[in-house]
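Structure first, commentary second.
Each chain gets a letter, A, B and so on, in the order its sequence line appears, and its residues count up from 1.
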Protein chains: 2
Amino acid sequence: MLYVDRLTGVKWYVGGMQETGRERTRREEYTEATRQALLAAGQNAFASEGYQAAGIEAISRAARVTRGAFYHHFEDKKALFDAAVVALQIEAAAKIEARAKTQRKVWDRLTEGIEAYLDVCLEPAYARIVIQEAPAVLGNARYREIEEAHPMALLTATLAALKRQGELDFEDIELLSRMVDAMICEMALLLPGAENPKRLRARGQKIIGNLLGTFRTG
Amino acid sequence: MLYVDRLTGVKWYVGGMQETGRERTRREEYTEATRQALLAAGQNAFASEGYQAAGIEAISRAARVTRGAFYHHFEDKKALFDAAVVALQIEAAAKIEARAKTQRKVWDRLTEGIEAYLDVCLEPAYARIVIQEAPAVLGNARYREIEEAHPMALLTATLAALKRQGELDFEDIELLSRMVDAMICEMALLLPGAENPKRLRARGQKIIGNLLGTFRTG
DNA sequence: CATATAACATACATATGGTATGTGAAAAAC
DNA sequence: GTTTTTCACATACCATATGTATGTTATATG
């Protein structure tokens, strides 16, 4: 979460934060807690009702504050949604990285990471908020900005590593990464409605595997 | 199916209209014309401002009627958007089919169709309304229903034909079709922001070609 | 010709997002 | 320690947009 030092105007994040030496006051903790409550309430509402149907009034009530408090913490409704997407993407990237790290060889890391990514995409909240609604609500530019910074960065980095090691050959790693991303998201939206999800998933992975295979060298 | 009266220039649709053998009255023609005007105004508004920002008042004014007329023709705002998506998808399917038909061999039809699909996806109105916003506005289920009935049906049919001819080998044609579809849409959202669109497009097509190549037999 | 109906227009009800202002407690300044 | 300021909220208000209920007129129909 973002903090702003009143004295220095310095901003910093908790999560990937640097210690600035200055101590946190109790009040700051409370503030952060209500902000978190609003964000959590927002995620719930957006996930279950969708962006448009989710009302700020209801979200605020769920966080046990008034709409006044909401507008103190967030610029507007879109800002809350943006924050929700960022939080989900950071979470997603962490989960994927953790799973990928269980493998030694880079190529195995890739396939494990893709597995993990698909698992994340299958979580209903993620599917609805990030995949289904975020592009429309935030606009493509902003959506891609967030996506590139978090979950896709891992994929791109892994593909780049493979290329450096000479195990993969393609000019535009970024593009290849996006294509794989698109296929994974497609799978995520397809699987919940399938009559045989296990089989469908296996087939989907085969397709993705085939594609990557065509660029594999050695 | 759209008909245009060569004498009057009036357009109308046959589809929901019962074939009564009865002649079309002038009044019915007028009615259909205003409906068309509303639909066109809606497409413009949705394409330039997005679903949420586009107001029914403005759309109605652009069609030179009041909001009362709008609500006479459409259930609600979503219904207009739905109609706009359907119309765009029907149009898209027609364009793709026309282009694909220029080729003799089925495999060439496939690649030509993919080319044509990408071209359609690059039209700003289509990209914004169908690709970017429709899933969020209509919900995934409805979105896929429309997509499957129109542009994707062609892709699936072509892939199925190739499979029948023994030129393609994969168990789930529908899935493969969806994957290709996902990649094309991804390309469409990627290209407008690219510094070298021509090169990017070529690379994207190479990726899609590679994927299909892995299932090619003979 | 009378009646019904359909294609609109008008007026209204209501919800929701956003803003402007008020308040009390806590931190900073002196 | 007292004063002053700040900040995290609450209250009240406003604007806008969706949707509905009702009214009106022209056309089709018996």
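Taking every heavy atom of residues 50-67 of chain A and every atom of DNA chain D, pairs under 4.0 Å involve Val65(A), Thr66(A), by number. Non-hydrogen atoms lying under 4.0 Å from DNA chain D are contributed by Tyr71(B), Asp76(B), Lys77(B), all within residues 68-86 of chain B.
With a 4.5 Å cut-off on side-chain heavy atoms, Arg35(A) and Glu32(A) count as touching.
For residues 69-81 of chain A, every residue pair satisfying the side-chain hydrogen bond (donor to acceptor under 3.5 Å, both in side chains) rule, not counting sequence neighbours, is listed here: Thr34(A)-His73(A). For residues 40-52 of chain B, no pair satisfies salt bridge (charged side-chain N to carboxylate O under 4.0 Å, His left out), with sequence neighbours left out. Screening residues 45-68 of chain A for ring pair (Phe, Tyr, Trp, His ring centres under 6.0 Å), with sequence neighbours left out, gives Phe46(A)-Tyr51(A), Phe46(A)-Phe81(A), Tyr51(A)-Phe81(A). Pairs of residues two or more places apart, or lying in two chains, that qualify as side-chain hydrogen bond (donor to acceptor under 3.5 Å, both in side chains) and include a residue from residues 52-70 of chain A are Glu57(A)-Arg61(A). Sorted by first then second residue, the salt bridge (charged side-chain N to carboxylate O under 4.0 Å, His left out) pairs that include residues 173-184 of chain B, not counting sequence neighbours, are Glu186(A)-Arg178(B), Glu147(B)-Arg178(B), Glu148(B)-Arg178(B). Applying the side-chain hydrogen bond (donor to acceptor under 3.5 Å, both in side chains) test to residues at least two apart or on different chains, the pairs with a partner in residues 132-142 of chain B are Gln132(A)-Asn140(B), Asn140(A)-Gln132(B), Asp82(B)-Arg142(B), Asn140(B)-Arg144(B), Arg142(B)-Glu145(B).
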Donor-acceptor pairs are to be reported for all side-chain atoms of residues 201-212 of chain A against protein atoms at under 3.5 Å, with residues two or more places apart or in another chain.
{"from": "Arg201(A)", "atom 1": "NH1", "to": "Asp119(A)", "atom 2": "OD1", "distance (Å)": "3.0"}
{"from": "Arg201(A)", "atom 1": "NH2", "to": "Glu115(A)", "atom 2": "O", "distance (Å)": "3.4"}
{"from": "Arg201(A)", "atom 1": "NH2", "to": "Glu115(A)", "atom 2": "OE1", "distance (Å)": "3.2"}
{"from": "Arg201(A)", "atom 1": "NH2", "to": "Asp119(A)", "atom 2": "OD1", "distance (Å)": "3.1"}
{"from": "Gln205(A)", "atom 1": "NE2", "to": "Glu115(A)", "atom 2": "OE2", "distance (Å)": "2.2"}
{"from": "Asn210(A)", "atom 1": "ND2", "to": "Thr214(B)", "atom 2": "OG1", "distance (Å)": "3.2"}

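With sequence neighbours excluded, no residue satisfies side-chain hydrogen bond (donor to acceptor under 3.5 Å, both in side chains) with Thr111(B). With sequence neighbours left out, Leu154(A) forms a side chain to side chain contact (heavy atoms under 4.5 Å, CB included) with Ala93(A), Ile96(A), Glu97(A).
Look at Thr34(B) and you won't find any side-chain N or O under 4.0 angstrom from OP1 or OP2 of dA7(C).
Rounded to 10 degrees, the angle between the two end axes of the helix from dC1(C)-dG30(D) to dC30(C)-dG1(D) is 10°, with five pairs used at each end.
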